[in-house]
Every structure is written in structure tokens, then in C-alpha cells.
> 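First, the structure itself, so that you have it in front of you.
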Amino acid sequence: MRQGRQRLLFELLVEGAGVDQIDRMDHHGVDRGVGHLLAEGGEILFVKGRRAPHTWALVEDLDRGRPGVDAAFDGLVEPARGRNVCADQHVKADSRCARRRTAKASGFAGCVALPAMTGRQPMTVRFAPSPTGLLHIGGARTALYNWLLARGSGGRMILRIEDTDKVRSTKENVDHILEALDWLGIDYDHGPLSQAGHQPRHLEVIEQLRQSGHAYEFEGSTRLKVPDEGETVVRDLIRGDVTFKHEAIDDFTIARSDGSPLYNLAVAVDDLDSEVTHVVRGEDHLSNTPRQAMILEALGHAPPVYAHLPLLHGPDGKKLSKRHGAASVQELRDAGYVREAVVNYLALLGWGYDDKQTFFSIDELTDLFTLDRVSKSAAVFDEQKLRWMNGAYLRQLPAEQLTARIEAFTGREGLAGAVELCREKIQTLADFWPLAAFFFDGPTDDPKAREKFLDGEGRLRLQDARAALAGVEPFTTETIEDSLREVVERLGAKPKQVFQPVRVAISGTTISPGIFESLELLGRDESLARIDAAIDAA
RNA sequence: GGCCCCAUCGUCUAAUGGUUAGGACGUCGGCUUUUCAAGCCGAAAACCGGGGUUCGACUCCCCGUGGGGCUACCA
């Protein structure tokens, strides 16, 4: 943090401070500042910390030789000191959150509260995929963010399958989604709910809307009336307030002419009935949000808080689609990525904690994840980075665990020894077998390698190595290394001139785990047999 | 077309009016070395453009430009 004039944000645990106060405050916080807000909020106070139960931002503008921050701070915060203040944290104010930005304004201070950013207030969230395909990484990330919010706040996670489009929804896809979530470790407190199953209630609401005059029938379908004037403001924790003028929104259809309810209505009603507090979903839903909010309003209810996540793009910068090999969760799993790495990577795709930490355990994630640090711009899925991260996770796994995972992945047993030798060379579970297969299935067939290292000279050196290995006792990595290095010295050769022929003889290729370790694992008999075979073939 | 969102190295991001614009992946170079990796060290690499506001703008405002989304009796 920069020194000197800096805005201060202080973390304090204000027990019982009502978040409701916030709404009333933030709008006039702008220029009038503190006094006003304080009066409004009672004994308020402020601020911040990614983990504060109630997050209040003390914002001020130091630009104008105003009384210093400290002065302001002392005056304001003092009242709360008696309670519980850990005011040692300097954080910059303002924010990507428009609510804060608004308050920032100029002049002196504003006390703005950020209701839903409070990671600790129980949040009820939902993940609502439509079962029209596999769960791809975008959906997985949305599910993850919701889950982190629920778990991190002690709230609830609802899984709702949006299957009101019977033509495109399939049971098989539902199963794929459940399987993917399960693999990721994302569980839920309610569900899976079938949106189609709520049809009776949806129909009831449609009827209610019609009777109250908010909706009318048009060519058999039912539409919601959208006033010509006015506007609907969507409160979005990531994007700030987004205003939609009603004149740009036509009356929209909420029920098909066969009477069946449509998406916008079903979503609004289900979220309402489930008492969802935060709707966290992809940005592609942003434009529909005012419609859902209007339905809620017509019903006499306040909308939930929204948070629209940036979309994920393919490597070419375009929207992620099947064409980009739109990695589904299953594909990642089958490609040998482990759940921890996928979760960690996904968490970082659109969110960042600070400029230091890259690896996050699930627990850290639930603890640290907040919507205010979610970025606003689309991100590109970078498999290279996932690979790197996956490798890092594999390397830090205890040997037995890695072995167990690789055995499960390959369907083979007795891999412990080979895993030990290969663990530092693989980035995915799938990388193991190509590297280690020769231990179990015999040398790989790589003509070029044989040609290059088992030619005349290579063959002669191989014979020397063979003779030396035959006498090694016991047959261990250390003794093997000693004897082969002796050969190198005796021949006056370069190490690789002896080692590579041996490597190719036992593995069939030029790439393998450490040669001495590999020989030991193979055992003397098998090693010599392979070397003999190589000599004969050459 | 209309409405809405977005814009920092190739990629993911940090930065919250004052930094030599930081980190990570990838790339390149070096070390290590029995191959390949891993590891360690180092390098190149970014504020879309133009106007404002300000003593000072990557940060705030406006306009462009570019990208994306929505505009269904799909979700």
C-alpha cells in the first residue's frame, strides 16, 4: 500500500448492524457525506475487509487539502471503537462496484455500504443450468462461484434445472450436469429441482398477473405489460446499477399460446419462491434481467441482488462455443486434470485475490471469494495454464494418493514404483501412461530412436553396459549408476553416449524417467533381457 | 438496426488519483543435467484512441473505436 494520504478502510465486525440501513444511505452519501450517513445509520461504521460481515466503505476524497483522513477517521470511527475494531488495514476505497463509485464522488466523505458484498451474511444462491448439453467450463465456473458464496457465507445453494423447454432438455444432459458437479465437489442444499415441475405455480402466477391487469393475452399467449415510460434499474454487484429505459423494452411473452410458462417468468417466480437473495449468473442474462425484475415488481416483490459474471471466450477471442472444443467438465476429467486444479483454475478465471497468491485450497476459496473482486471483462480459457497448475497439484500430492489416482485413471494396478519415478514429469494423469507404459508392456517401438542410438557405436557401448550391469550386486539405483559411470569413464565417452543406448534398449524411446531408477525398477533380469534383445535387433 | 455490458503484457490478472505499471501461464536465454520434465536465475512483453476534470490519470467524465451479449410463444 502506498504511504501517506491514503484512504483507510477499516475492518470491523459490527454485530447486528442492519444491512437494510445501507440502501437508504448510499444514495445521498455522495456529496453530503458523513454526517448525513451517520445520522441515518445510527452508530454505523465502516468498513471493510474482504471478510467483514458487514462491509462499509469509508470513502473520502483527499484531493483537496481537506482535513486529513486521520482526522476524519478519528472523528467517525471512534464511536465504534468500544466494540470491536481491527483497524489496521489500509485499503483503497472506491471500487469497481458502481455503488461505491457513485459515492466516491467528490468532496469529502461518503459512507457507502455494500450490502451483498458481505461475504458473511448468509446468501441464498442458485445454479440454474439448462440441460441442453454438457456442463462446460463457463457453467462450471458459475456453479463454483455460487457454491463458494453459499459455503463462504453459511448460506444455501440451490440447484435448479431449467427444463421448461421440453424439446431441448434431456434426462441424459441432466445426469451429465449432476455428474460434473459431483466431480467438482460442488454440492447443494436443495435440489436438483425441476423447473418444469413448478408449472402449476407458474400458471397460477400468470393468472394472477392477468387478473391484476399486469399481463394480457395476445394471440393466445400472455404478455406482460411494460410501461412506455420510466426505467428499471438492475442492481448488479459486479457492474453497478444498470438502467434500462422502458421505451426500449417491448411487452414480452411470459406464456406460450398453449399456456405453458416461459423462461423469464419461471426464473423470476422460482427465485422468488426459493427466497434467493443473490442471482449470480452469466452476463448473457443481463439484458433479460429487467424483464424478470418487472415480473417481480408486478407481483409486489423486490428483486434479488444480481451479479452478472463476465463470459468466457475461446482462444480466438470469440464467445466460447463447441467449435473451440468447449471444454466440458467431463472432458477435463478425462484429459487427466484433477478436481483441485480445475477448481483453482476456474476460480481464477474471472476473479483474483491479490498480486501474490495463485494457489488456493477449497477452504481458502470459500473464505476469500467475494463478488467485488470478480472482473468485468470476458476471459479466455487457457489450457496451458491449467496444465501447469494441474502439474503443480500432482507434484504436491502424497505418493500413495497420486498412485491411487493414476491407478483409478488408467485402470491398472501396481503402479506405485513407476509413479514414483514419473511424478515429476507429468502434468496430467493422462501423461503418466505414455511415459511409463514400457515398464509394463515392454519397450515402445520408436525406429528413429533405435536407429540413432543403437547403431554401430551405440551397440558396442550397449554391450559394455550390459556386461557391467550383469555384475552389479545388489541391483539398485546407486550401484547401477556407479557401474555405468565406470563404463563411461573406461570408454572415455560422454555420459549420454552410454546412457542413451541403454535408455532406448529398455524403454524403446529417448524419453524416459531416470535411467538408473528405471533399471532398478525393471530388475536385472528384465533389463538384461531387453538389452540383449536390442543388441540382437541392431 | 435498437438496447445493454466490457476494454492493463499473447493469456489470466494486480493497481481503487502520485508505482521503475506488480504477479502468474506461455515465450526466449542461462544454470542444473543421463533423455524429457521439474527446479532455480534472468529477459522480452501491456495501460485501445481522442478529448476533458485535476497540480497530477491505467485509475474519474465524455466521444470515438473494438469486442461481446440481448433483442424468441429458447434458456
Side-chain angles (χ1 to χ4, degrees), chain A residues 2 4-5 7 59 61-64 91-96 100-101 104-106 128-132 162-165 167-169 195 218-223 234 236 239 242-245 247-250 252-258 260 262-264 266-267 282-290 308 310-311 313 315 317-319 345 348-358 375-382 384-389 391 395 422-427 431 435 449 481 484-485 488 494-500 502-504 507 509-516:
Chain A
R2 278 161 228 158
R5 37 180 5 222
R7 9 193 102 260
V59 185
D61 184 335
L62 305 172
D63 294 350
R64 305 290 161 71
V91 182
K92 293 176 189 172
D94 175 14
S95 150
R96 41 198 29 181
R100 269 202 266 183
R101 194 176 299 138
K104 186 173 176 259
S106 57
S130 123
T132 52
E162 310 243 312
D163 51 0
T164 53
D165 183 343
V167 181
R168 301 197 305 155
S169 305
Q195 185 161 64
F218 179 80
E219 292 179 355
S221 63
T222 299
R223 294 189 174 186
V234 173
D236 188 297
R239 278 145 225 292
V242 183
T243 303
F244 295 85
K245 290 196 169 56
E247 58 188 19
I249 303 177
D250 293 329
F252 59 97
T253 313
I254 56 177
R256 299 187 180 86
S257 44
D258 67 2
S260 62
L262 252 14
Y263 170 71
N264 282 132
V267 170
E283 197 201 334
D284 48 337
H285 290 280
L286 183 54
S287 295
N288 270 320
T289 306
H308 288 93
L311 261 19
H313 284 180
K318 303 273 171 141
K319 186 190 178 190
Y345 178 75
L348 256 26
L349 204 51
W351 175 84
Y353 182 61
D354 59 19
D355 62 349
K356 298 187 172 53
Q357 194 171 355
T358 301
S375 66
K376 294 192 275 198
S377 50
V380 174
F381 175 64
D382 179 7
Q384 285 290 341
K385 190 164 185 175
L386 207 210
R387 275 190 68 82
W388 163 79
M389 181 167 273
R395 257 169 269 124
C422 295
R423 64 175 305 154
E424 63 186 16
K425 302 180 190 306
I426 61 176
Q427 290 190 302
D431 289 345
L435 197 60
E481 173 161 9
L484 286 183
R485 287 197 187 281
V488 169
K494 289 182 179 175
K496 67 170 64 171
Q497 291 178 316
V498 171
F499 299 158
Q500 281 302 75
V502 173
R503 186 188 310 282
V504 173
S507 76
T509 75
T510 55
I511 298 175
S512 82
I515 190 66
F516 316 121

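In this text the structure is predicted, and so the values were computed from the model without any measurement. Every chain is numbered from 1, with letters handed out A, B, ... down the list of sequences.
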> I'd like to know whether A:R503 forms a side-chain hydrogen bond (donor to acceptor under 3.5 Å, both in side chains) with A:S512, so could you lay out the CA-CA distance, the side-chain angles of the two residues, the decisive distance to 0.1 Å, and finally the verdict.
CA-CA 7 Å; A:R503 186 188 310 282; A:S512 82; 2.7 Å; yes
> Hey, does the side chain of A:S287 come within less than 4.0 Å of B:rG69's phosphate (OP1/OP2), counting only N and O?
no
> Should A:I511 and A:L435 count as side-chain neighbours, where that means a heavy-atom distance under 4.5 Å?
yes
> Calculate the interatomic distance between A:H313 atom NE2 and B:rC12 atom P; express it in whole Å.
10 Å
> Side chain of A:T253: nearest nucleotide among B:rU71, B:rC12, B:rA72?
B:rA72
> Got a list of protein N/O to nucleotides 62-66 of chain B N/O distances below 3.5 Å?
none

> Parallel, tilted or perpendicular: which describes the rings of A:F499 and A:F516, with under 30° parallel and over 60° perpendicular?
perpendicular
> With a 3.5 Å limit on both atom pairs, tell me what B:rA38 is paired to, counting Watson-Crick and G-U wobble, or say none.
none
> With a 3.5 Å limit on both atom pairs, tell me what B:rC74 is paired to, counting Watson-Crick and G-U wobble, or say none.
none
> Please check the phosphate of B:rA72 (OP1 and OP2 only) for any side-chain N or O of A:R256 closer than 4.0 Å.
no
> Report the distance from atom CD of A:E219 to atom P of B:rA72, rounded to the nearest whole Å.
14 Å
> Over how many whole Å does the gap from A:D236 atom CG to B:rG69 atom P extend?
18 Å
> Is there a side-chain contact between A:R256 and A:L262 (heavy atoms, below 4.5 Å)?
yes
> Return a single string for nucleotides 24-43 of chain B, one symbol per nucleotide in 5' to 3' order, where B is base contact, S is sugar-phosphate-only contact and - is none, cutoff 4.0 angstrom on heavy atoms.
BBS-------BBBBSS----
> Could you check A:T164 against A:L348 and say which one's nearest nucleotide on RNA chain B is further toward the 5' end?
A:L348
> Please answer whether B:rA75 and A:H285 are stacked, defined here as ring centres separated by less than 5.5 Å and planes angled under 30°.
yes
> What does A:S130 touch in the nucleic acid at a heavy-atom separation under 4.0 angstrom: a base, only the sugar-phosphate, or nothing?
sugar-phosphate
> Could you state the CZ-P distance from A:R168 to B:rC73, rounded to the nearest angstrom?
14 Å
> Applying a 4.0 Å non-hydrogen cut-off, can you work out what A:D165 is touching in the nucleic acid: base, sugar-phosphate, or nothing?
sugar-phosphate
> Can you tell me, in whole Å, how much space there is between the P of B:rA45 and that of B:rG23?
14 Å
> For A:L262 and B:rC74, give me the distance from atom CG to atom P, rounded to whole Å.
5 Å
> Less than 4.5 Å apart, side chain to side chain, heavy atoms only: is that true for A:M389 and A:L348?
yes
> Take atom CG of A:D355 and atom P of B:rA46, then tell me their distance rounded to the nearest Å.
19 Å
> Could you tell me which nucleotide pairs with B:rC48 by Watson-Crick or G-U wobble geometry, both distances under 3.5 Å, or answer none if nothing does?
B:rG64
> Rounded to the Å, how far apart are A:D258 CG and B:rC73 P?
13 Å
> Round to the nearest Å and state the distance from A:E162 atom CD to B:rC74 atom P.
14 Å
> Using nucleotides 5-8 of chain B, report all nitrogen or oxygen pairs with the protein that are shorter than 3.5 Å.
{"from": "B:rC5", "atom 1": "O2'", "to": "A:R239", "atom 2": "NH1", "distance (Å)": "2.6"}
{"from": "B:rC5", "atom 1": "O2'", "to": "A:E283", "atom 2": "OE2", "distance (Å)": "2.8"}

